[in-house]
Amino acid sequence: MGLNVTKKILKSHLLEGDMLPNEQITIKVDQTLGHDLTGIMAAQILESVQAEKVSTETSVFYCDHNVIAASSENTDDHMYLKTSAQRYGVYFSKPGNGICHFLHVQRFGKPGKVMLGADSHTPTSGALGMIAIGSGGLSVAKCMVGEGFKLTTPKVLNIKLTGELQPGVSAKDITLEALRILSVKGGIGHIIEFTGDGVKTLSIPQRCTIANMTIEMGATTGIFPSDDVTREFLKAQGREEDWVELLPDADAEYEKIIEINLNTLEPLVAKPHMPDLVVTAREASDIKADSVFIGSCTNASYSDIVKAAKILKGKKVHKNIDLTVGPGSRQVFEQLLKDGIIADLVESGARILECACGPCIGVGQVPHKNGVAVRTSNRNFMGRSGTNDAFVYLASPETAAATAITGKITDPRDVFDVTNLKDCVEPATYKIDDCLIISPKDVEDPKSVEIIRGDNIVPLPERGPLKQRIEATGVLKLGDNITTDDIIPGGSAILKYIANIPKFAEYTFCYTDSTFVERAKELKHTVIIGGENYGQGSSREHAALLPMYLGIEVVFAKSYARIHKENLINYGILPLTFKNKDDYDKIDMNDVFVIEDVYAQADIRELNVKVVNKNIEFTAILDVSDFDKRVLKEGGALNYLRNKLK
Ligand code: MIC
Ligand code: SF4
């Protein structure tokens, strides 16, 4: 039987287990990435387990999320991250160099490798034909010190792309179409592998846009073959020697196949507040916008911005629109400057932002109350833009540019002769200048590097081993698709406390229920009740760490998003599901739950839960591997790692 690209890479990295359905496997991790939010956690963990030096081929910390540094908490974080990188042999990418995922593809990613990244959009590097999986900082730190990554053998879902994109239609529309078909849950348990004749027509930045948003489909990651387009891209980046060919065998098998015909695709938008609420741009054409943002790790390549600039050239941004453009990396920015594109944008009325995440995570450009923002980023969850009452639409750079001109969501084909976009392609060679990267080679004596810790970096809270008897009160009952942005929202005012857990914890569920923190503290031992796909979205492990700090011992949910479930386990919170989903309806906030004999019941993966105030009981399932059970019993992965390295 022939192998697909996913299975080829997994096979060559297999450390333990058999690649069989539902079996847990451990794979070798070659590369890692983290950034100024999640990398801080990874660095704190390296310190707390007294690591010597990272043992991966390449590990990089990027400074890209919280780079405005409106107050010294951010710069404290950056200094801590930089000195930790220098101490442990990690590359450090300085603020202004660009957004981690895009930059990783440009400068570090290699076909055939496995990467674990402390960020949910790590799949972006799948554009190069590597398996790049997002996870929490703790899991990434484990791999940095040589542990393999454990996952359930993923199923492989094939999205076959046929035909060719028509002018005005973009890679973003492919990914939005896939979301329309699959929804935010359709990819759960799968790696999405892209094949078909259409793949050959897509540049690496276009593949990045598509791979990037496979996490929005709930998938473990997304991957493209490594072909001649990949070779040309790496050559243009001065890294042709990093290329290897990786194609699926002719008779490769897939668990499921979906076909998307690029010839018939139209410009699409995702409506608030989920990336899968997809309609055509024309169907949304009555929506007036207040701001437009072209940027983020999804759509800030040279060709993305050139297309937008071409639509805007010679015209002016609509009087009611605030247009911002953030190039994905300094390399892109320099090329845009050189080619006069930035001048065109500024002339049209655009504001140029630095090469960073920015508005995508609510760090700047927060919409006004009930404001409508059209963005080329990947998530439009409630609260993510830095306020809870904005309406964010996701669109391609072409649609965003057309919208910036008319003031209403606009199909680019309705205001511009899109055949003129045909020549908006990537440059034949890129300017290579890594002066904003501090390489481990730049550090003479890593062991003597002093890790600089500002007041904002406080020690991580700890949790003891799992209890034998749990008695805890329901502190919150939630519906389906709760995101990690719901649990701990974005925005610079909040995220600046990422390394200061007691302060950060004050914002837990702040938009969902402003009494949550106070009640959790008062009750001390608590339970959260969630619906389907609990914890989707960002890999932010604080969505588990802060509840742990506030005394949450168990989550009962109908199902979990993969990364969040991993994070709950890492922080010693039992991620339980209902054996009978109807039991969700029988339990409420303020109910008191008792689980006796927790270890023995966890061993058989079925736990009897008594709801003492209602005098009823139900069965909860602990669907985790033997290894995860061990981690849970030790009270989380930090305890596990410390005990192991002792
Ligand atoms: C995001 O896009 O949600 C983030 C901010 O990049 C996160 C990382 C974080 O929460 O720190 C992610 O994607 O995992
Ligand atoms: Fe940054 Fe947004 Fe990409 Fe997350 S999704 S890495 S916040 S640009």
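The first residue in the sequence is number 1, and the count goes up from there. Atoms considered below: every heavy atom in the structure, side chains included; atoms not considered: hydrogens, waters and symmetry mates. Start at 1 and go down the list; that is how both ligands and their atoms are numbered.
Two residues are said to be in side-chain contact when any heavy atoms from C-beta on lie closer than 4.5 Å; Tyr88 and Met144 fail this criterion. The closest side-chain heavy-atom distance from Pro367 to Asp290 is not below 4.5 Å. Residues Phe233 and Tyr430 meet the side-chain proximity criterion, which asks for heavy atoms closer than 4.5 Å. Between Met115 and Ile131, the closest side-chain pair of non-hydrogen atoms is not below 4.5 Å.
Protein heavy atom at the shortest distance from atom 13 (O) of ligand 1 is Ser120 OG, 2.6 Å. Protein heavy atom nearest atom 2 (O) of ligand 1, with residue, atom name and distance: Arg384 NH2, 2.7 Å. At the shortest separation from atom 8 (C) of ligand 1 among protein heavy atoms lies Asp119 OD2, 3.2 Å. Nearest protein heavy-atom neighbour of atom 9 (C) of ligand 1: Arg540 NE, 3.5 Å.
In this structure, CG on Asp77 lies 8.0 Å from CG on Leu37, to the nearest 0.5 angstrom. Distance CE/Met274 to OG/Ser183: 10.5 Å, rounded to 0.5 Å. Atom-to-atom distance recorded for Asn97:CG and Cys63:SG is 10.5 Å, nearest 0.5 angstrom. Taking CG from Leu179 and CD1 from Ile174, the interatomic distance works out to 12.5 Å, rounded to the nearest 0.5 Å.
The environment of NZ in Lys82 is sparse: at most 12 heavy-atom neighbours from other residues, nucleotides or ligands sit within 6.0 Å.
Aromatic rings of Phe504 and His542 (six-membered ring for Trp) have centroids within the 6.0 Å cut-off, being under it. You'll find the ring centres of Phe92 and Phe61 outside the 6.0 Å limit.
Taking a cut-off of under 4.0 Å to the non-hydrogen atoms of His121, the atoms of ligand 1 that pass are 2 (O), 13 (O). Atom numbering of ligand 1 starts at 1 in the shown order; those under 4.0 Å from a heavy atom of His65 are 4 (C), 5 (C), 6 (O). Below 4.0 Å from some heavy atom of Arg384 lie the following atoms of ligand 2, by number and element: 2 (Fe), 4 (Fe), 5 (S), 7 (S). Of all atoms in ligand 1, numbered sequentially from 1 with element shown, those under 4.0 Å from a heavy atom of Ser538 are 1 (C), 3 (O), 7 (C), 9 (C), 10 (O), 12 (C), 13 (O), 14 (O). Of all atoms in ligand 1, listed by their number and element, those nearer than 4.0 Å to a heavy atom of Ser539 are 12 (C), 14 (O). The atoms of ligand 1 that sit less than 4.0 Å from any heavy atom of Ile361 are 5 (C). For ligand 2, the atoms closer than 4.0 angstrom to any heavy atom of Asn378 are 5 (S). Close approach to Arg379 involves these atoms of ligand 1, each under 4.0 Å from a residue heavy atom: 1 (C), 2 (O), 3 (O), 13 (O).
The shortest N or O to N or O distance between Thr38 and ligand 1 is not under 3.5 Å. In terms of polar-atom proximity, defined here as any N/O pair under 3.5 Å, Asp485 makes no such contact with ligand 1. Taking distance alone, with nitrogen or oxygen atoms compared against 3.5 Å, His35 stays at or beyond that limit from ligand 1.
Using cut-offs of 30° and 60° on the angle between ring planes, the pair Tyr497 and Tyr507 is parallel. Ring pair Tyr62/His104 is perpendicular by interplanar angle, where above 60° counts as perpendicular and below 30° as parallel.
Here the protein contributes Cys357 SG as N, O or S atoms under 2.8 Å from atom 1 (Fe) of ligand 2.
Between Cys297 and His121, the closest heavy-atom pair is SG-CB, 4.2 Å.
Look at His542 and you'll find every heavy atom at least 4.0 Å from all atoms of ligand 1.
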